[in-house]
There are 2 protein chains.
Amino acid sequence: MLKIGELASKTGLTAHTIRFYEKNGLINASERSDAGYRYYTEADVRQAEFVKTARKVGFSVDDVATLLSIRVDKSNHTCQDVTDITQRKLIDVNEKISELLSMQQTLEILLNSCGGGLESATHCSIMEALDASNALNARSFVQ
Amino acid sequence: MLKIGELASKTGLTAHTIRFYEKNGLINASERSDAGYRYYTEADVRQAEFVKTARKVGFSVDDVATLLSIRVDKSNHTCQDVTDITQRKLIDVNEKISELLSMQQTLEILLNSCGGGLESATHCSIMEALDASNALNARSFVQ
DNA sequence: TATAAACTTAGAGTAAACTCTAAGGTCAAG
DNA sequence: CTTGACCTTAGAGTTTACTCTAAGTTTATA
């Protein structure tokens with residue numbers, strides 16, 4: 001049985017985070033000492049690791065709560081329940097990626113358009129591009 | 001001279017957002033009526049568009065404030081001042097992209113590993129992968 | 001026994017960028 | 001003159017995921 005600090009160092013979470021997760025229904029101590037100390041079993045450790053893994057994959061705390069509710073009662077859930085959540089998250093991630101790729105492209109174009117020297121910004125092409133209000137339209141820069 | 005609602009519909013911002021930007025030093029009404037109504041000039045419109053463009057490119061509200069301070073006093077700033085901000089933002093964006101790409105990869109692998117049918121999740125490979133606590137390591141799935 | 005490290009709780013704070021509310025004032029049209 | 005659309009302010013609320021604080025308790029070690 002591990003105390004919260006031990007679970008923390010074992011999982012790489014902080015004790016604060018573990019308590020936060022408890023508040024959100026993700027990790028519960030199997031036992032409490034008389035003094036109220038949390039004590040975690042090996043199964044708790046595995047659950048904490050599941051949580052950490054799922055968070056790293058991009059699932060929100062709420063998603064993880066849902067995944068855990070499936071996890072403790074697998075036989076009453078289908079693979080579809082799981083893939084649905086996963087698919088939604090993937091769509092989510094893909095949306096964010098394309099936003100960021102478009103920012104990346106624009107930023108690169110902006111940087112390529114300006115030497116970045118110590119000369120006055122009076123004619124800085126980045127400033128001009130932002131002023132042109134079509135800097136978003138990366139196309140407008142590719143001639 | 002435009003009222004805030006007119007500037008809003010012209011720029012695609014909301015009046016709320018414009019006031020929020022004002023509080024943050026991004027957009028100021030050139031004039032106020034006796035009753036306190038904000039009135040915006042064409043130059044204000046251009047500034048609001050600059051702000052919107054810069055935000056879309058990924059610059060934070062604080063970044064935009066800095067860019068605007070350069071914009072109004074270009075001769076006392078260098079191109080480097082501008083490229084520095086832009087470069088930092090690009091690094092930022094690139095970091096986020098690689099995080100998201102790694103999530104994307106893992107999510108895709110998870111989805112490919114599970115049919116997502118209506119059968120019980122008892123042996124759902126996604127759940128198993130998350131339990132294996134190395135789902136992060138996409139490699140572990142590529143056989 | 002004394003001290004330090006670790007634990008407890010409730011609740012506040014942080015970050016970023018809005019978004020909304022309440023309570024009231026202004027203005028053009030009919 | 002009334003209605004409705006639009007404007008004002010200060011300030012609170014939203015979202016997500018922590019992160020920290022204060023004040024106090026417990027436990028292991030020297």
Between [X] and [Y] (salt bridge meaning N to carboxylate O under 4.0 Å), is one present in this structure?
| X | Y | answer |
| --- | --- | --- |
| A/Arg38 | A/Glu22 | yes |
| B/Lys56 | B/Glu49 | no |
| B/Glu108 | A/Lys89 | no |
| B/Asp92 | B/Lys96 | yes |

When rounded to the nearest 0.5 angstrom, what is the spacing between [atom1] in [X] and [atom2] in [Y]?
| X | Y | atom1 | atom2 | answer |
| --- | --- | --- | --- | --- |
| B/Asp62 | B/Leu26 | CG | CG | 8.5 Å |
| A/Thr78 | A/Asp84 | OG1 | CG | 7.5 Å |
| B/Cys79 | B/Ile70 | SG | CD1 | 10.0 Å |
| B/Tyr21 | B/Leu68 | OH | CG | 11.0 Å |
| A/Asp73 | A/His77 | CG | NE2 | 5.0 Å |

Original post:
Under a 4.0 Å heavy-atom cut-off, which of residues 24-48 of chain A touch DNA chain C?
Top reply: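 Result for residues 24-48 of chain A: A/Arg32, A/Gly36, A/Tyr37, A/Arg38, sorted by number.
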Subject >> Selection: residues 86-96 of chain A, any non-hydrogen atom under 4.0 Å of DNA chain C >> reply: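 None - not one residue of the stretch has a heavy atom sitting under 4.0 Å from the strand.
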What's touching nucleotides 28-30 of chain C from the protein side, N or O pairs under 3.5 Å?
none

Original post:
Could you go step by step and tell me if B/Lys10 and B/Glu42 meet the salt bridge (charged side-chain N to carboxylate O under 4.0 Å, His left out) rule?
Top reply: CA-CA 11 Å; B/Lys10 198 153 189 174; B/Glu42 265 311 304; 3.5 Å; yes
Subject >> By side-chain hydrogen bond (donor to acceptor under 3.5 Å, both in side chains) - contacts of B/Ser33 (at least two apart) >> reply: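 Once residues adjacent in sequence are excluded, B/Ser33 has no partner under the side-chain hydrogen bond (donor to acceptor under 3.5 Å, both in side chains) criterion.
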I need the [atom1]-[atom2] distance between [X] and [N], as an integer number of Å.
| X | N | atom1 | atom2 | result |
| --- | --- | --- | --- | --- |
| A/Phe20 | C/dT14 | CZ | C1' | 13 Å |
| A/Lys23 | C/dT8 | NZ | P | 13 Å |
| A/Ile18 | C/dT8 | CD1 | C1' | 15 Å |

**OP:** Would you please name every residue forming a salt bridge (charged side-chain N to carboxylate O under 4.0 Å, His left out) with A/Asp81, sequence neighbours left out?
**Re:**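 Not a single residue meets the salt bridge (charged side-chain N to carboxylate O under 4.0 Å, His left out) criterion with A/Asp81.
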Original post:
Just the endpoints, please: which first and last nucleotides of DNA chain D, 5' to 3', lie under 4.0 Å from a heavy atom of chain A?
Top reply: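 The protein-touched segment is D/dA17 to D/dT27.
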Original post:
Closer to the 5' end of DNA chain C via nearest nucleotide, is it B/Asp62 or B/His16?
Top reply: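 Final value for this comparison: B/Asp62.
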**OP:** Please work out if A/Ser60 contacts a base, only the sugar-phosphate, or nothing of the nucleic acid, heavy-atom cut-off 4.0 Å.
**Re:**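 Sugar-phosphate, backbone atoms only, no base.
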Original post:
So what does A/Arg55 touch, heavy atoms closer than 4.0 Å: a base, only the sugar-phosphate, or nothing?
Top reply: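 Contact class for A/Arg55: sugar-phosphate only.
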Subject >> Face-on cation placement of A/Arg71 at A/Phe50 ring, 6.0 Å and 45° thresholds >> reply: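 The answer is yes, since A/Arg71 meets both limits relative to A/Phe50.
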